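Report on one structure; see the data block that follows.
Bear in mind that the values here come from a model prediction, so they are computed numbers and not experimental data.
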There are 2 protein chains.
Amino acid sequence: MKEKNPTREKLLDITFEEIYIHGYASTSIGSILKKASIPKGSMYHFFKSKKVLVIAMIQERLFPKMDLFFNYKKEKEQSVFSNLKDTFVSMSKHKKLIIYGCPFYRLMVELSPIDKEFDSLLMLKYNELLLGLETLFQEGIDNNEFSKSLNAKHFAEFYLSSVWGVLSLSPSLSSAKNFITHIRYILNTLESYKIS
Amino acid sequence: MKEKNPTREKLLDITFEEIYIHGYASTSIGSILKKASIPKGSMYHFFKSKKVLVIAMIQERLFPKMDLFFNYKKEKEQSVFSNLKDTFVSMSKHKKLIIYGCPFYRLMVELSPIDKEFDSLLMLKYNELLLGLETLFQEGIDNNEFSKSLNAKHFAEFYLSSVWGVLSLSPSLSSAKNFITHIRYILNTLESYKIS
DNA sequence: ATTAAAATAGACTGATTGGTCTAGTTTCTT
DNA sequence: AAGAAACTAGACCAATCAGTCTATTTTAAT
């Protein structure tokens, strides 16, 4: 099975990698093209500007990767709490995630304050993530795993930003061990709402 | 009392503001000079490069501002917990902080992965902040405000990154109300270690 | 008042940026 | 096989970047 537009696909791959590490402003089109060994004409054939390229990268690379991470498929009868613990363990094994943080959050920190288009695109995904988490926590409340005093939406917001904050610390502070240690406190917070 | 080097001081002020909002890479020297109405010669008389200018800004503007925020002066007999609550209330009144997040954290997210010099400068301050917080929590433990099962250092790390994570969300998600709501969960975590 | 030093002023430079343009090549369609 | 469409190739462009340079003005020292 032959892939369509291998040039386009490769461009999106390299764009993701470069911007993840260096950020949007510090990544030049030239450096992407050089790394991908793709001439300029090809890139501008598929994407009319740097911004359009990056928006496509966000939609076709970043968002799908996030969907994998935030896919809270529970085993039958598994509690929400133990489900989250599993998620964190699996996150802690992704070296790049631990070292460089969440690519979504890093883009948001860089671009949201200065670009409305990027911001609204990222906010669409943010709201989607939030809703997924909120639903998960609400499920826990409805199943008497958590106290009704837990506000599913507010806790989801805290949870997301807190995990991002921990993940996106300087690489020189980042290790799987530190990540797990910090994340335990987030779980502690949730645990205090557990109905024993 | 006449200030020394008003040109230099103004440059540092404007550099802080511009980089806070736009980030390091997206802020050009030209835009700083234009906003400050200062010619290039003057800037390069005081600072030999953009990097040197920004390092001076970090040391002479960013760090002192942070010292104000993280100055956990306690009233006599005030508990650590109530002291932190006061800090958050005062933080929630700083509009720019709420909207644009912590300038230190934003610089760290942008520069730490790609520049060793900036990273080590920022890490010096990080360790200082951390030690201050650790000491504060340890004080609470020693005074029987918190359980001995609280690890002062680990909690300080969680606390810092969590607050930063909440603060540095997109401006379109940022409000003082949201900040307080999210921060309450961090305090909840700490509260669970309280000795009643 | 004279001289030296500090600061200002901005034209200029070479490198790099995002983006354009045209010519050629490959692939698809019929 | 022929023609059209898709894609590749990279030279080229204007704008912008950080940084240099020299000339001039202001301030400080004696």
Side-chain angles (χ1 to χ4, degrees), chain A residues 1-61 107 110-111 114-118 121, chain B residues 1-61 107 110-111 114-118 121:
Chain A
M1 171 176 150
K2 210 169 111 192
E3 219 178 332
K4 256 195 185 171
N5 284 333
T7 301
R8 205 189 103 103
E9 299 302 310
K10 189 174 185 185
L11 263 173
L12 293 175
D13 287 336
I14 306 265
T15 300
F16 173 82
E17 292 299 332
E18 289 295 290
I19 290 187
Y20 180 20
I21 309 299
H22 299 96
Y24 178 81
S26 294
T27 301
S28 71
I29 290 195
S31 69
I32 292 172
L33 296 175
K34 195 176 167 187
K35 198 152 202 171
S37 300
I38 288 171
K40 215 164 223 192
S42 301
M43 187 230 129
Y44 279 95
H45 171 73
F46 291 111
F47 309 101
K48 75 162 199 226
S49 69
K50 181 185 182 184
K51 198 163 174 173
V52 166
L53 165 65
V54 174
I55 285 174
M57 176 278 277
I58 290 173
Q59 292 172 324
E60 299 176 38
R61 289 293 181 278
L107 265 185
E110 180 185 4
L111 296 177
I114 54 175
D115 190 293
K116 282 183 186 175
E117 269 182 78
F118 280 120
L121 177 60
Chain B
M1 170 175 154
K2 209 169 112 192
E3 220 178 330
K4 257 195 183 171
N5 286 333
T7 300
R8 205 188 103 102
E9 300 302 310
K10 188 174 186 184
L11 264 172
L12 293 175
D13 287 337
I14 307 265
T15 300
F16 172 83
E17 292 300 333
E18 289 295 291
I19 289 187
Y20 180 22
I21 308 300
H22 299 97
Y24 177 81
S26 294
T27 300
S28 72
I29 291 194
S31 69
I32 292 172
L33 296 174
K34 194 177 169 187
K35 199 153 201 171
S37 299
I38 288 170
K40 216 163 222 191
S42 300
M43 186 231 130
Y44 278 96
H45 172 71
F46 292 111
F47 309 99
K48 76 162 198 225
S49 69
K50 181 184 182 184
K51 199 163 175 173
V52 166
L53 166 65
V54 173
I55 285 173
M57 177 279 277
I58 290 173
Q59 292 172 324
E60 298 177 39
R61 290 293 180 278
L107 264 186
E110 180 185 3
L111 296 177
I114 54 176
D115 190 293
K116 281 183 186 176
E117 269 183 78
F118 280 120
L121 177 61

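Looking at heavy-atom distances under 4.0 Å, A/T27 makes contact with sugar-phosphate atoms alone, never a base.
In this structure, A/K34 places its NZ atom 10 Å from P of C/dT17, rounding to the nearest Å. Remark: P of C/dT13 and CD1 of B/I29 are 19 Å apart, rounded to the nearest angstrom. Rounded to an integer number of Å, the gap from A/L33 CG to C/dT17 P is 11 Å. Rounded to an integer number of Å, the gap from CD1 of B/I38 to P of C/dA9 is 9 Å. Atom C1' of nucleotide D/dT16 and atom CD1 of B/I32 are separated by 15 Å, given to the nearest angstrom. Atom pair B/Y24:OH and D/dC17:P shows a separation of 14 Å (rounding to whole Å applied). In this structure, A/F47 places its CZ atom 11 Å from P of D/dC7, rounding to the nearest Å. Taking atom NE2 on A/H45 and atom P on C/dG24, their separation rounds to 19 Å, with Å as the unit.
Under the side chain to side chain contact (heavy atoms under 4.5 Å, CB included) test applied with A/I19, the options A/E110, A/M57, A/R61 reduce to a single match, A/M57.
Here the side chains of A/F47 and A/I55 are not in contact, with every heavy-atom distance at 4.5 Å or above.
For A/K50 against C/dG19, no side-chain N or O and base N or O form a donor-acceptor pair under 3.5 Å. Not a single donor-acceptor contact under 3.5 angstrom links the side-chain atoms of A/K40 to the base of D/dA9. With hydrogens and angles left out, the side chain of B/K48 and the base of D/dG19 share no donor-acceptor pair within 3.5 Å.
B/K50 places no side-chain N or O within 3.5 Å of a backbone atom of B/I29 that could act as its donor or acceptor partner.
Counting non-hydrogen atoms of other residues, nucleotides and ligands closer than 6.0 Å to NZ of A/K51 gives a total above 12.
Regarding contacts with the backbone of C/dT8, a side-chain N or O of B/T7 is found under 4.0 angstrom from either OP1 or OP2. Contact check, A/S28 against C/dT17: a side-chain N or O comes under 4.0 Å of OP1 or OP2.
Here A/H45 pairs with nothing under the side chain to side chain contact (heavy atoms under 4.5 Å, CB included) rule; sequence neighbours left out.
Comparing C/dA7, C/dG19, D/dG10 by their nearest atom to the side chain of A/Y44 picks out C/dG19.
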